[in-house]
Amino acid sequence: MAYDSFKTLTSSAVPLPIENVDTDQIIPARFLKATERIGFGDNLFRDWRYNQDGSPKSEFVLNNSTYSGKILVGGHNFGSGSSREHAAWAIYDYGFRCVVSSFFADIFRGNCLNIGVLPVQVSETFLAQIFEAIEKNPNTSLTIDLLNQKISLDAMGISESFEINKYKKENMLNGYDDIDYLSNIKSEIQQFASNTPL
Amino acid sequence: MKQTLFDKVWDSHIVRSIEHGPDVLFIDRHMVHEVTSPVAFLGIKNRELPVLYPERTFATADHNTPTINQHLPVADPLSRNQLKALEQNANAHGISYWGLGHEKNGIVHVVGPEYGITQPGATIVCGDSHTSTHGAFGAIAFGIGTSEVEMVLATQCIMQPKPKKMRITINGSLNEGVTPKDVALFIISKLTTSGATGYFVEYAGEVFQQLSMEGRMTVCNLSIEMGARGGMIAPDEKTFEYIKDREFTPKGADWEKAMDYWKTLHTDEGASFDKEFIYHGSEIDPMITFGTNPGMGMSITKAIPKASELEGGEATYAKSLEYMGYKEGELMVGKPIDYVFIGSCTNGRIEDFRAFASVVKGKKRADNVTAWLVPGSHKVLNAIKEEGLLEIFEEAQFELREPGCSACLAMNDDKIPAGKYAVSTSNRNFEGRQGPGSRTLLASPLVAAAAAITGKITDPRTLINH
């Protein structure tokens with residue numbers, strides 16, 4: 001089951017200028033009990049977003065209608081902690097298609113790439129410029145161009161290139177996933193397995 | 001060419017390498033639990049694919065399970081449903097399933113080694129970041145997401161670029177009262193929670209050689225908390241002694257053949273690493289965390305660092321201390337606590353309960369402390385009873401619960417209430433990790449025991465029975 005392809009995206013962004021945002025904050029463990037991939041966006045950043053009685057915390061950015069868009073911008077070391085793909089699902093289900101940070105935790109980055117959310121790693125300087133631009137104008141737009149591996153702050157006319165390996169880039173551009181690839185080399189895998197004792 | 005331990009195991013599992021892309025890595029053993037697998041099983045069902053190698057797949061229930069009255073139906077309907085889904089999926093695909101109440105049931109990273117599923121030189125994955133635990137045996141073991149669980153079910157492979165290599169050497173030996181947990185918290189406090197991101201770590205040096213297999217598992221378990229893909233330790237006589245004659249380890253001629261291979265699993269003299277850190281065991285004190293990530297740890301004797309001593313991140317640091325209800329410059333020793341949790345895949349093994357017992361023996365639990373003692377598996381639970389530790393716990397007014405992940409991530413009813421302080425032997429002190437609003441102080445079983453007896457943060461060296 002492949003996912004939506006990703007080519008370019010121009011959108012305003014939601015700023016979360018906090019370092020080390022861990023996957024327990026993105027989605028707490030008590031919301032991991034579903035057996036299907038539905039509804040996780042409702043609990044995205046649950047405990048930062050809602051009080052224990054379920055009322056929204058007005059100061060949290062997702063409850064502030066000033067900010068919206070398909071891009072989430074987070075501080076250094078975004079997505080640390082648990083391997084729960086539910087964190088990436090929650091981000092996708094809420095409506096984000098891209099997460100920008102100056103550094104990502106490994107498993108989280110991989111999980112995003114596997115479901116069609118593009119993690120874009122930028123320099124600390126560019127990240128600070130993004131936060132500053134959003135603070136000045138919450139509607140300011142960012143453009144992510146995957147083919148050319150470029151992220152731009154449109155109004156300021158500045159951009160930066162970002163890394164992604166060629167294989168994953170092709171997958172994202174076409175909406176292919178790894179099982180599509182692996183299924184095509186099944187006999188090679190079976191040959192390998194037959195030489196690998198349990 | 002001179003190779004590291006990691007190179008030897010990784011390279012021998014490459015099915016093919018994609019230019020400017022990932023390696024296709026063959027996975028020897030896949031461990032599955034109820035939380036991160038149902039969507040993966042649904043995925044292969046939708047693709048009409050079978051589980052390619054069910055004999056390489058092992059399922060246990062742990063994250064959602066209650067730790068009291070396990071013989072009764074699970075009360076929470078969502079948890080019950082998830083446990084049922086695992087049982088049905090395992091049965092439908094012919095996968096070994098050690099569900100609630102099964103004699104082999106327990107935390108996935110505790111039971112894997114106990115039954116010899118974990119072996120040197122193997123590649124092991126599980127949809128859980130603490131899969132790094134199994135690296136203690138010289139395996140490459142790491143956590144994966146659900147899309148990758150689906151991949152491994154369907155193809156027994158994952159696709160990942162080869163990580164960079166880091167070696168952390170600790171020479172000398174550990175001081176009294178310093179445990180493997182302190183070693184890990186010390187390393188993470190030095191490297192930060194992102195210091196090893198992109199790397200696979202090898203732990204080397206006398207301190208790790210001296211550790212028991214349980215201790216090595218604790219250290220490798222916490223590799224992910226500094227961002228590492230995983231951590232591993234070269235297998236030695238201690239490793240071979242531990243795994244010999246376990247249910248899933250090779251027997252007879254197969255054992256001899258495996259041993260010939262396992263003895264080659266060490267880093268060659270002169271092999272190179274992308275990054276190296278060297279410490280001395282005498283630098284390490286009993287540790288405790290004071291903030292909201294595992295990198296925010298320090299010697300239990302010290303004061304909470306000042307924001308001005310940090311390199312950037314002041315706002316996040318202030319937010320963290322505010323959540324904890326602490327101020328910079330304060331001493332940790334003497335601070336009151338409310339809960340103690342001993343257990344988890346980090347410190348839920350028999351050695352951890354022995355350490356806890358060594359401190360609480362002949363003493364009494366402090367009246368203000370609620371303590372949850374949760375063994376990592378039925379095997380650990382049985383050992384606690386057989387070794388007479390249960391009597392020690394009961395005399396000291398501690399109650400032993402049934403196995404599971406429990407309050408480490410509070411998916412079941414074992415939740416620390418909002419605002420309360422818990423000294424926990426688990427692995428994460430993130431905001432709300434142990435229940436909404438809970439405040440976690442990560443520490444060793446000795447520090448947890450000292451806190452349980454005194455009702456406050458206490459240096460265990462002042463209490464250790466000689």
Side-chain angles (χ1 to χ4, degrees), chain A residues 1 17-20 22-25 28-30 32-37 46-48 52 75-77 80-89 103-108 110-115 124 165-168 170 177-179 181-183 185-186 188-193 196-198, chain B residues 15-16 18 20-22 24 26 28 35-36 38-39 42-43 46-47 49 52-53 55-56 64 78-79 81-82 85 127-129 143-148 150-151 154-161 193-194 197-198 227 229 254 293 313 315-316 319 409-411 418 428 430-433 436-437:
Chain A
M1 191 179 67
I18 298 170
E19 287 104 48
N20 303 318
D22 61 75
T23 51
D24 275 85
Q25 307 318 310
R30 64 187 189 280
L32 308 183
K33 297 189 184 187
T35 53
E36 291 176 85
R37 196 187 134 181
R46 176 77 198 198
D47 293 335
W48 285 355
Q52 284 207 50
H76 185 87
N77 195 28
S80 58
S82 148
S83 64
R84 61 189 71 164
E85 196 166 295
H86 311 65
W89 296 343
F103 197 80
F104 289 96
D106 261 349
I107 306 179
F108 176 78
N111 287 342
C112 285
L113 287 166
N114 283 337
I115 67 158
E124 291 291 351
N165 77 52
K166 196 175 152 211
Y167 165 83
K168 276 292 176 195
E170 285 298 312
D177 67 19
D178 289 351
I179 297 189
Y181 184 96
L182 293 168
S183 296
I185 61 163
K186 193 173 164 192
E188 196 177 324
I189 294 168
Q190 286 173 316
Q191 179 65 36
F192 191 95
T196 309
L198 185 61
Chain B
V15 177
R16 67 154 72 167
I18 298 170
H20 306 299
V24 175
F26 187 78
D28 291 313
V35 176
T36 55
V39 172
L42 201 58
N46 291 339
R47 293 178 202 253
L49 292 170
L52 189 58
Y53 295 112
E55 67 276 21
R56 292 180 182 273
N64 257 315
L78 290 174
S79 294
N81 188 41
Q82 214 171 39
D128 186 285
S129 59
I144 56 175
T146 296
S147 293
E148 291 170 309
E150 186 181 339
M151 259 175 245
T155 72
Q156 207 60 35
C157 289
I158 59 157
M159 302 184 69
Q160 288 204 356
T193 54
S194 59
T197 303
R229 205 87 253 272
D254 289 340
N293 73 54
T316 301
K319 180 177 181 294
L409 82 170
M411 274 192 85
R428 291 190 173 129
F430 297 150
E431 287 184 32
R433 169 78 178 184

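The shown structure was predicted, so the numbers you read here are calculated from the model rather than taken from an experiment. Every chain is numbered from 1, with letters handed out A, B, ... down the list of sequences.
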Using heavy-atom distances under 4.5 Å, tell me whether A/Q191 contacts chain B through its side chain, its backbone, both, or neither. neither
CG-OG1 distance between B/D28 and A/T196, expressed to the nearest 0.5 angstrom: 6.5 Å
Highest number of heavy-atom pairs under 4.5 Å with chain A: which of B/G127, B/S147, B/G21? B/S147
Please flag which part of B/V24 lies under 4.5 Å from any non-hydrogen atom of chain A: side chain, backbone, both or neither. side chain
What closest approach, in Å, do B/G145 and A/E85 show between heavy atoms, and which atom pair accounts for it? C-OE1, 3.4 Å
Measuring heavy-atom distances to chain A, does B/Q160 have an atom under 4.5 Å in its side chain, in its backbone, in both, or in neither? neither
When the 4.5 angstrom heavy-atom criterion is applied to A/K168 and chain B, the contacting part is neither
So which heavy atom on B/C157 is nearest to which on A/L182, and how close? O-CD1, 3.8 Å
Please report the shortest heavy-atom distance between B/P22 and A/N165, naming the atom on each side. CD-OD1, 4.2 Å
With rounding to the nearest 0.5 angstrom, report the OG1 to CD1 distance, B/T197 to A/I107. 10.0 Å
With a 4.5 angstrom heavy-atom cut-off, could you sort out which part of A/A34 is near chain B: side chain, backbone, both or neither? backbone
Say whether, by atom type as modelled, one donor and one acceptor occur between the side chain of B/Q156 and the main chain of A/I189 under 3.5 angstrom. no
Would you check if the side chain of A/K33 reaches a backbone N or O of B/M411 as a donor-acceptor pair within less than 3.5 Å? yes
Highest number of heavy-atom pairs under 4.5 Å with chain B: which of A/W89, A/Y181, A/F108? A/Y181
Report which part of B/A85 has an atom under 4.5 Å of a heavy atom belonging to chain A: side chain, backbone, both, or neither. side chain
Need one label for B/R428: side chain, backbone, both or neither, based on atoms under 4.5 Å from any heavy atom in chain A. side chain
Derivation and outcome, side chain to side chain contact (heavy atoms under 4.5 Å, CB included), residues B/I18 and A/K166: CA-CA 10 Å; B/I18 298 170; A/K166 196 175 152 211; over 6 Å; no
I'd like to check B/E431 versus A/W48 (side-chain heavy atoms, cut-off strictly below 4.5 Å). Are they in contact? yes
If one checks every heavy atom of B/N293 against chain A at 4.5 Å, the contacting part turns out to be side chain
Highest number of heavy-atom pairs under 4.5 Å with chain B: which of A/R46, A/H86, A/K186? A/H86
What residue among B/M159, B/R47, B/E148 forms side-chain contact (heavy atoms from CB on, under 4.5 Å) with A/I179? B/R47
Please classify the contact between A/Q52 and chain B as side chain, backbone, both or neither, with a heavy-atom cut-off of under 4.5 Å. side chain
Highest number of heavy-atom pairs under 4.5 Å with chain A: which of B/T316, B/L49, B/N64? B/T316
Please classify the contact of A/E188 with chain B as side chain, backbone, both or neither, using a heavy-atom distance under 4.5 Å. both
How long is the gap from CG on A/D24 to CG on B/L409, to the nearest 0.5 Å? 7.5 Å
Counting only heavy atoms closer than 4.5 Å, note whether A/F104 contacts chain B via side chain, backbone, both or neither. backbone
Heaviest contributor of heavy-atom pairs below 4.5 Å to chain B, chosen from A/R30, A/E170, A/R84, A/E19, is A/E19
Does any heavy atom of chain A fall under 4.5 Å from the side chain of B/I144, the backbone, both, or neither of them? backbone
Against chain A, label B/L42 side chain, backbone, both or neither, depending on which of its atoms sit under 4.5 Å from a heavy atom there. side chain
Under 4.5 Å from any heavy atom of chain B, what part of A/N111 do you find: side chain, backbone, both or neither? side chain
Taking A/Q25 for the side chain and B/F430 for the main chain, is one N or O donor matched with an acceptor at less than 3.5 Å? no
B/G143 and A/S83: which non-hydrogen atoms are nearest, and at how many Å? C-CB, 4.5 Å
Go through the atoms of A/N114 and report whether side chain, backbone, both or neither lie under 4.5 Å from a heavy atom of chain B. both
Ranking B/G227, B/A410, B/A418, B/P436 by heavy-atom pairs under 4.5 Å to chain A gives rank one to B/P436
